[in-house]
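To start, the structure itself, in structure tokens.
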Amino acid sequence: MNKKTIDNVGDYLKSNGIKPSFQRIRIFEYLLNSKEHPKVDDIYRELIQEIPTLSKTTVYNTLNLFMEKGIVHLVTIEGTENRYDVNIEDHGHFKCEVCGRVFDFEILEGDLKTDLPEGFVISQKDLFFRGTCADCSRKKN
Ligand code: ZN
Ligand code: MN
């Protein structure tokens, strides 16, 4: 589902077989509102201010549950860096080499076609570009 079409997070979790606890709802909402593909540490650091009982393990487990149910994707741009994304439609990521932010972009040619032989089953398509974002380009000049 595209992130633009989710208006009630509790119902969305329920319809994907997830019991919508307060922590789960807040973690999903954080992902939904973040445009920068947060890491576990980012999510934890932000939400601990609001939910003092939150643990990093809970964040990990919740993200794993979301992935298991297919409503969150792992974005692996560099091997050491796990970022999470609620936009599960095929789309590309652009990493700025200056500020480190990761942006979404749409794939305009419709579907990403491949020449994989019959029998191969694709579970996720990733397209990564890197370069300099508009903000950083402007600052350079
Ligand atoms: Zn930048
Ligand atoms: Mn994305």
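Looking only at side-chain heavy atoms (C-beta outward), Leu127 and Phe129 come within less than 4.5 Å of each other. The shortest side-chain heavy-atom distance between His91 and Asp85 falls under the 4.5 Å cut-off.
A donor-acceptor contact under 3.5 angstrom links the side chains of His93 and Asp104, judged on distance only.
Once rounded to the nearest 0.5 Å, the distance linking CZ of Arg101 with SG of Cys136 reads 6.0 Å. How far CG of Asn33 is from CZ of Phe28: 10.0 Å, rounded to the nearest 0.5 Å. Distance CD1/Ile71 to OG/Ser15: 8.0 Å, rounded to 0.5 Å. Rounding to the nearest 0.5 angstrom, the gap separating the CD atom in Glu97 from the SG atom in Cys133 is 11.0 Å. With values rounded to the nearest 0.5 angstrom, Leu63 atom CG is found 14.0 Å from Lys39 atom NZ. Taking NZ of Lys19 as the reference point, atom NZ of Lys14 lies at 11.0 Å (rounded to 0.5 Å).
No side-chain donor-acceptor contact under 3.5 Å links Thr58 to the backbone of Leu54. The main-chain N or O of Leu31 is never found under 3.5 Å from a side-chain atom of Ser34 such that the two would form a donor-acceptor pair. The backbone N or O of His37 lies less than 3.5 Å from a partner atom in the side chain of Arg83, making a donor-acceptor pair.
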Taking it one step at a time, do Asn87 and His73 satisfy side chain to side chain donor-acceptor pair (under 3.5 Å)?
CA-CA 8 Å; Asn87 183 352; His73 273 171; over 6 Å; no
May I have the step-by-step check of side-chain contact (heavy atoms from CB on, under 4.5 Å) for Phe66 and Ile18, ending in yes or no?
CA-CA 8 Å; Phe66 289 166; Ile18 299 165; 3.8 Å; yes
Evaluate the criterion side-chain contact (heavy atoms from CB on, under 4.5 Å) for residue pair Leu32 and Val9; output intermediate values, then yes/no.
CA-CA 9 Å; Leu32 204 54; Val9 170; 3.9 Å; yes
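Hydrophobic clustering, with ILVMFWY side chains joined whenever heavy atoms are under 4.5 angstrom apart, groups Leu13 together with Met67. Following chains of ILVMFWY side-chain contacts shorter than 4.5 Å, one can reach Ile6 starting from Phe22, so the two form part of one hydrophobic cluster. Note: the hydrophobic cluster containing Leu74 also contains Val59 (ILVMFWY, side chain heavy atoms under 4.5 Å, direct or indirect links).
Taking each heavy atom of Tyr44 and Ser55 in turn, the nearest pair found is CE1-C, 3.8 Å. Shortest non-hydrogen contact noted between Gly10 and Ile25 is CA-CD1, 4.1 Å.
Partners of Lys56 under the salt bridge (Lys or Arg N to Asp or Glu O under 4.0 Å) rule, at least two apart in sequence or in another chain, are Asp41. Contacts of Tyr84 classified as ring-ring contact (aromatic ring centres under 6.0 Å, His included), with partners at least two apart in sequence or in another chain: none.
Among pairs with a residue in residues 20-31, those fulfilling side chain to side chain donor-acceptor pair (under 3.5 Å) read Arg26-Glu29, Arg26-Glu50, at least two apart in sequence or across chains.
Counting non-hydrogen atoms of neighbouring residues, nucleotides and ligands closer than 6.0 angstrom, the CZ atom of Phe105 exceeds 12 such neighbours.
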